Amino acid sequence: LEEEMKLPEVVEVKRGNSIEEGCRVHQNEAWQHIKSIIYFTDQDEPVMAVIRGDLEINEVKLQHVLGCYKLRMATDQEIQSLGTVVGYVSPLKIGIKKIGDISLKTAYNLCTGADELGKDTINVNYEKDFTVDQLADIAMPPEGAKSEDGMLLQEGKGIEVGNIFQLGTHYTDKMKDSDFMDQDGKKKPFYMGCYGIGIGRTMATVVEIHNDEKGIVWPKSVAPFQVHLVSLGKDEVVASACDTLYAELLEAGIEVLYDDRNKQAGAKLADADLIGIPVRLVISNRTLESDSIEWKVRSESVVETVLLSQVLEKVRGFYEL
């Protein structure tokens with residue numbers, strides 16, 4: 001230990017209810033304080049979460065430790081009814097279930113409330129002066145935090161594709177004959193939940209991951225179309241060749257987005273990149289001079305020339321149809 005554990009001492013203080021106010025009064029850092037927060041579970045059981053003062057409680061982790069579906073913070077009146085005072089709650093006296101964060105074992109001679117207005121207890125140490133019912137990881141890890149085995153934790157970006165809602169017994173309480181017989185021989189209502197995977201949010205997730213500076217780059221497995229057919233030029237011969245290829249692809253079961261708009265080539269090609277269909281086929285007067293089309297895979301930069309007679313076979317090969 002860097003310092004010897006001291007004897008706890010109750011001192012009178014004039015401060016607000018925050019950890020910052022405690023630091024101001026005691027002239028120390030937030031990690032030298034104990035933060036104690038009282039919750040009620042969905043079974044109306046009071047529980048105290050105890051953590052180092054510089055950390056925040058991750059309520060999802062706490063729920064998992066407690067095995068409950070919901071948590072709510074105790075009201076001021078409920079805190080007072082438990083025999084303590086808002087802003088001066090401590091783990092020293094209150095006789096309710098306590099869940100402590102593993103950070104409590106990393107600091108010594110800490111400050112906490114004394115369960116009385118205007119009084120703090122200093123030089124408090126975990127195990128020596130108080131214990132908890134269960135010690136667990138219930139903290140939001142700060143930047144630079146390490147795991148218990150010494151590995152640096154890294155923050156990553158997540159995307160919500162689906163969601164789960166815990167409905168508890170809200171509906172089953174209202175249903176007749178919907179109880180089950182628990183192992184203790186008592187009838188209890190079923191817990192309900194629901195889940196969903198949204199098509200819109202799934203598409204948004206794919207786009208967020210698969211894109212470049214020009215637009216979307218759809219993976220073959222989820223692309224809204226398999227081929228983007230682009231007609232360049234106003235000549236009837238170009239329109240006829242595009243219509244013929246379009247019909248051939250559809251007949252073969254290939255999904256095609258056909259761009260026959262009366263727009264400039266640059267605008268059409270830019271839109272094709274923006275939409276991001278895996279395969280782009282371009283027919284123009286120049287390509288028809290060799291009975292060919294321009295073939296380009298959206299994720300690649302190479303543009304190939306492919307004979308019209310070989311297009312269907314190449315599309316099938318690309319998609320392994």
Side-chain angles (χ1 to χ4, degrees), residues 154-165 194-321:
Q154 296 181 332
E155 183 178 358
K157 184 177 181 181
I159 305 173
E160 182 183 338
V161 179
N163 42 44
I164 298 173
F165 298 100
C194 61
Y195 67 92
I197 299 177
I199 294 176
R201 69 173 66 231
T202 302
M203 289 179 63
T205 299
V206 173
V207 170
E208 187 167 342
I209 296 173
H210 298 279
N211 66 83
D212 60 17
E213 68 280 358
K214 294 181 180 179
I216 306 170
V217 185
W218 286 106
K220 291 189 289 186
S221 58
V222 294
F225 296 92
Q226 294 169 300
V227 168
H228 194 154
L229 177 60
V230 180
S231 169
L232 297 185
K234 301 178 181 179
D235 290 357
E236 279 295 323
V237 65
V238 173
S240 176
C242 282
D243 289 346
T244 299
L245 180 59
Y246 178 60
E248 182 182 354
L249 291 168
L250 290 182
E251 187 176 352
I254 307 298
E255 297 171 319
V256 185
L257 177 62
Y258 183 10
D259 186 355
D260 60 352
R261 297 174 298 166
N262 184 23
K263 285 197 170 187
Q264 295 295 318
K268 284 190 171 185
L269 298 181
D271 285 346
D273 282 337
L274 179 64
I275 296 170
I277 306 304
V279 173
R280 187 190 74 193
L281 305 179
V282 176
I283 296 181
S284 65
N285 284 318
R286 183 174 61 79
T287 66
L288 290 179
E289 290 175 359
S290 56
D291 292 325
S292 304
I293 57 95
E294 281 187 357
W295 167 289
K296 182 180 181 302
V297 176
R298 175 64 180 84
S299 59
E300 301 173 1
S301 58
V302 178
V303 178
E304 300 180 53
T305 298
V306 179
L307 292 174
L308 279 167
S309 59
Q310 298 176 355
V311 171
L312 181 56
E313 180 182 355
K314 191 170 178 67
V315 171
R316 282 173 167 163
F318 181 79
Y319 283 100
E320 299 178 349
L321 299 176

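The model shown is predicted, which means the values in this text are computed figures rather than measured ones.
Using a 4.5 Å heavy-atom threshold, the side chains of Thr287 and Val238 count as separate. The shortest side-chain heavy-atom distance between Leu308 and Ile283 falls under the 4.5 Å cut-off. Contact annotation: the side chain of Val306 approaches that of Val311 to within less than 4.5 Å [non-hydrogen atoms, C-beta and beyond]. Between Val303 and Trp295, every side-chain heavy-atom pair lies at or beyond the 4.5 Å cut-off. The closest side-chain heavy-atom distance from Val279 to Phe318 is below 4.5 Å. Using a 4.5 Å heavy-atom cutoff, the side chains of Val217 and Asp273 are not in contact. Side chains of Val206 and Pro219 form a contact here, defined as non-hydrogen atoms less than 4.5 Å apart. Proximity of Leu249 to Val227: side-chain heavy atoms (C-beta onward) are separated by under 4.5 Å at one or more points.
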### Message
Between Asp259 and Leu229, is the side chain to side chain contact (heavy atoms under 4.5 Å, CB included) condition met? List the steps.
### Response
CA-CA 6 Å; Asp259 186 355; Leu229 177 60; over 6 Å; no
### Task
Take Val297 and Arg280, measure what side chain to side chain contact (heavy atoms under 4.5 Å, CB included) needs, and give me the verdict at the end.
CA-CA 6 Å; Val297 176; Arg280 187 190 74 193; over 6 Å; no
### Task
Would you check, one step at a time, whether the test side chain to side chain contact (heavy atoms under 4.5 Å, CB included) holds for Leu281 with Val230?
CA-CA 6 Å; Leu281 305 179; Val230 180; over 6 Å; no
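In this structure, the side chain to side chain donor-acceptor pair (under 3.5 Å) partners of Ser292, at least two apart in sequence or on a different chain, are Ser290. Scored by the side-chain contact (heavy atoms from CB on, under 4.5 Å) test, Phe165 finds Asn163, Leu167, Cys194 as partners (sequence neighbours excluded). The side-chain contact (heavy atoms from CB on, under 4.5 Å) check on Pro224 picks up Trp218, Ile277, with sequence neighbours excluded. A search for salt bridge (Lys or Arg N to Asp or Glu O under 4.0 Å) contacts involving Asp271 returns Arg261, not counting sequence neighbours. Residues passing the side chain to side chain donor-acceptor pair (under 3.5 Å) test with Gln226, sequence neighbours excluded: none. Qualifying side-chain contact (heavy atoms from CB on, under 4.5 Å) partners for Thr202, counting only residues two or more places apart in sequence or in other chains: Val161, Ile197.
For Ile209, the CD1 atom is densely surrounded, since the number of other residues' heavy atoms within 6.0 Å is greater than 12.
Residue pairs meeting the salt bridge (charged side-chain N to carboxylate O under 4.0 Å, His left out) criterion with at least one member in residues 196-213, sequence neighbours excluded: Lys157-Glu208, Glu160-Arg201, Asp212-Arg298. Applying the ring pair (Phe, Tyr, Trp, His ring centres under 6.0 Å) test to pairs two or more places apart or on separate chains, those with a residue in residues 237-271 are Tyr246-Tyr258. Counting only residues at least two apart or in different chains, ring pair (Phe, Tyr, Trp, His ring centres under 6.0 Å) contacts with residues 219-243 are absent. The salt bridge (charged side-chain N to carboxylate O under 4.0 Å, His left out) pairs that include a residue from residues 217-240 number zero, where partners must be two or more places apart or lie in different chains. Within the structure, ring pair (Phe, Tyr, Trp, His ring centres under 6.0 Å) pairs that include any residue of residues 298-317 do not occur (at least two apart or interchain). Listed by first then second residue, pairs satisfying salt bridge (charged side-chain N to carboxylate O under 4.0 Å, His left out) with a partner in residues 300-317 read Glu304-Lys314, not counting sequence neighbours.
When every heavy atom of Leu312 is checked against every heavy atom of Ala252, the shortest pair comes out as CD1-CB, 3.5 Å.
Rounding to the nearest 0.5 Å places OG of Ser301 at 7.0 Å from NZ of Lys296. Interatomic distance, CD1 of Ile216 versus NZ of Lys214, reported as 14.5 Å (0.5 Å rounding). Once rounded to the nearest 0.5 Å, the distance linking CG of Leu288 with CD1 of Ile293 reads 10.5 Å.
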